[in-house]
Amino acid sequence: MSGVPADRPLAGRVIAVTGASRGIGLAIAQVLHAAGAQVVAGARQMPEHGLPGIGFALLDVTDEGSVQAFARRAIEAGADSLVNNAGVGVFGPLETATVEDYRRVFDTNVLGTLLATRHFLPAFRERHARGLSSHLVNVTSDVSTRTFAHGSIYAASKHAQRALTQTAAHEGQHFGLRVTEIRPGMTDTHFNASTPGTPERAGHLRAHDVAQAVLYALAAPAHVRVDEVVVHPTVQPVVF
Ligand SMILES: NC(=O)c1ccc[n+]([C@@H]2O[C@H](COP(=O)([O-])OP(=O)(O)OC[C@H]3O[C@@H](n4cnc5c(N)ncnc54)[C@H](OP(=O)(O)O)[C@@H]3O)[C@@H](O)[C@H]2O)c1
């Protein structure tokens, strides 16, 4: 008997989610909220239909001042967990890759993850001094360990994000920080200017499927550390 209601496994938890205006991040915010967590959600734009019951703050993960303000708000609310989900992609042959493409993708996926992590860690360390644990979840991709044609900048950024995730695990184990990498395959979202719900994406994961993986990691008992979750649509070719 842990005292945690089975239908609200995250009751009492306060969880910050980046990139929560649409797609996977929005689904994560909704699923965690439904599981009983207080969610502090951030993105550059407000979600189109609002986020009932969820605190939303404007956030640009490429801007350190914005990240600091977001972290302060979440930490003041008692944040015990951070989900780094904000991400963008640019795809095309290596011959056409530009400095602008590189900066946009790396600033969001790599620097953004680094900055958000960096500004929550002191509070997580301080929680440990009070006998409390914390959790960092980074939404990377199945391409954090593989590459593909026309994916040079994106895959490189996801490999780098995996390195940041694992470094946080090395350092955080000394102050009660659990770290989880969530690695989705093809997911039907607005990613790369896509329109969700089109017939050719019918077999893709739904954002909600990925959010369930995040919930699984965050709701694991205190003695369980879920290092990574790889989740694919059944139709995606198997690549190990
Ligand atoms: N879709 C896939 O197939 C897939 C597969 C594997 C991994 N992923 C990863 O999953 C994550 C979410 O992607 P998605 O598929 O849900 O894409 P999406 O529908 O385009 O959503 C991306 C989210 O990131 C936010 N974002 C982008 N730049 C930001 C910034 N500078 N600061 C704060 N928020 C920012 C966006 O909000 P604003 O524009 O309002 O800021 C939006 O809420 C990404 O890390 C992506 O790499 C996606």
Side-chain angles (χ1 to χ4, degrees), residues 16-31 39-51 54 56-71 74 82-91 103-117 119 137-148 151 153-162 164-165 180-198 200-211 213-214 228-233 235-236 239:
V17 183
T18 74
S21 60
R22 58 177 186 268
I24 293 170
L26 176 60
I28 292 171
Q30 291 169 327
V31 163
V39 176
V40 181
R44 293 168 303 177
Q45 299 154 61
M46 294 287 288
E48 205 175 330
H49 303 295
L51 277 175
I54 295 174
F56 186 85
L58 288 178
L59 165 69
D60 181 347
V61 296
T62 69
D63 173 346
E64 186 163 21
S66 175
V67 173
Q68 251 176 318
F70 178 74
L82 166 67
V83 181
N84 279 312
N85 163 80
V88 296
V90 171
F91 302 92
R103 292 210 168 117
R104 179 160 168 269
V105 174
F106 268 73
D107 279 2
T108 308
N109 300 1
V110 186
L111 179 63
T113 298
L114 176 64
L115 287 177
T117 305
H119 284 288
V137 177
N138 287 348
V139 179
T140 64
S141 168
D142 67 339
V143 305
S144 71
T145 60
R146 68 176 178 89
T147 53
F148 59 103
I153 295 175
Y154 182 67
S157 79
K158 291 294 172 179
H159 278 65
Q161 214 181 3
R162 178 173 172 85
L164 291 178
T165 309
T180 304
E181 181 182 1
I182 303 289
R183 303 179 53 209
M186 297 179 305
T187 310
D188 188 21
T189 68
H190 301 266
F191 191 70
N192 195 31
S194 307
T195 305
T198 53
E200 63 273 16
R201 294 168 168 265
H204 288 196
L205 295 172
R206 310 281 178 266
H208 186 266
D209 301 323
V210 182
V214 175
E228 64 181 288
V229 180
V230 189
V231 55
H232 282 121
V235 294
Q236 190 167 335
V239 181

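Counting convention: from 1, in listed order, for ligands and their atoms alike.
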Assess whether a salt bridge exists between Glu48 and Arg22, defined as any Lys/Arg side-chain N lying under 4.0 Å from an Asp/Glu carboxylate O. no
Could you pull out all residues at least two apart from Leu164 that satisfy side chain to side chain contact (heavy atoms under 4.5 Å, CB included)? Val110, Thr113, Leu114
Residue Glu200 excluded, over 12 heavy atoms near CD under 6.0 Å: yes
What residues, two or more places apart in sequence or in another chain, satisfy side chain to side chain contact (heavy atoms under 4.5 Å, CB included) together with Ile153? Ala97, Asp101, Tyr102, Val105, Phe106
Would you tabulate the side-chain donor-acceptor contacts of residues 183-190 under 3.5 Å, counting partners in other chains and residues two or more places apart, or write 'none'?
{"from": "Arg183", "atom 1": "NE", "to": "Ser141", "atom 2": "O", "distance (Å)": "3.3"}
{"from": "Arg183", "atom 1": "NE", "to": "Ser144", "atom 2": "OG", "distance (Å)": "2.9"}
{"from": "Arg183", "atom 1": "NH1", "to": "Glu228", "atom 2": "OE1", "distance (Å)": "2.8"}
{"from": "Arg183", "atom 1": "NH2", "to": "Asp142", "atom 2": "O", "distance (Å)": "3.0"}
{"from": "Arg183", "atom 1": "NH2", "to": "Thr145", "atom 2": "OG1", "distance (Å)": "2.6"}
{"from": "Thr187", "atom 1": "OG1", "to": "Gly185", "atom 2": "O", "distance (Å)": "2.8"}
{"from": "Asp188", "atom 1": "OD1", "to": "Gly197", "atom 2": "N", "distance (Å)": "3.4"}
{"from": "Asp188", "atom 1": "OD2", "to": "Gly197", "atom 2": "N", "distance (Å)": "2.9"}
{"from": "Thr189", "atom 1": "OG1", "to": "Phe191", "atom 2": "N", "distance (Å)": "2.9"}

Taking side chain as C-beta onward, heavy atoms only, is Asn109 less than 4.5 Å from Thr140? no
Close residues, ligand 1: non-hydrogen atom nearer than 4.0 Å: Gly19, Ala20, Ser21, Arg22, Gly23, Ile24, Ala43, Arg44, Gln45, Leu59, Asp60, Val61, Thr62, Asn85, Ala86, Gly87, Val88, Thr108, Val139, Thr140, Ser141, Tyr154, Lys158, Pro184, Gly185, Met186, Thr187, Thr189, His190, Phe191
